[in-house]
Amino acid sequence: MARKRWTDLAPRTRNLIIVAGGIEGALKVAALIDLARRPSNQVRGSKLKWAAAITLINSAGAVPI
């Protein structure tokens, strides 16, 4: 099966992808801000590891946060 290019997608599909990406980005920023403001005693484990998990694992689509 041939891969579709961005220009091959319908305009509605492209808009949905852009909106979904914007929402994911906003939620990721909100999660990182919450993590930064939260006291360390309220976080299970290292804040650095949680920040990496929020940014990397969620972006790979492995686990929704």
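None of these values were measured; they are calculated from a predicted model.
What you find for V43 and R38 is that their closest heavy atoms are CG2-CD, 3.8 Å. The minimum heavy-atom distance between S40 and K47, with the atom names listed, is OG-CE, 3.8 Å.
No continuous path of hydrophobic side-chain contacts links W50 to V29 [ILVMFWY only; heavy atoms under 4.5 Å].
Here D8 pairs with nothing under the salt bridge (charged side-chain N to carboxylate O under 4.0 Å, His left out) rule; sequence neighbours left out. In this view, S46 and L48, K49 satisfy the side-chain contact (heavy atoms from CB on, under 4.5 Å) rule, not counting sequence neighbours.
Residue L32 holds its CG atom at 11.0 Å from CG of L27, rounded to the nearest 0.5 Å. The CD atom of Q42 sits 11.0 Å away from atom CG of L35, with the distance rounded to the nearest 0.5 Å. Atom-to-atom distance recorded for K4:NZ and L9:CG is 6.0 Å, nearest 0.5 angstrom.
Side-chain contacts under 4.5 Å among hydrophobic residues (ILVMFWY), followed directly or transitively, place L16 with no other residue at all.
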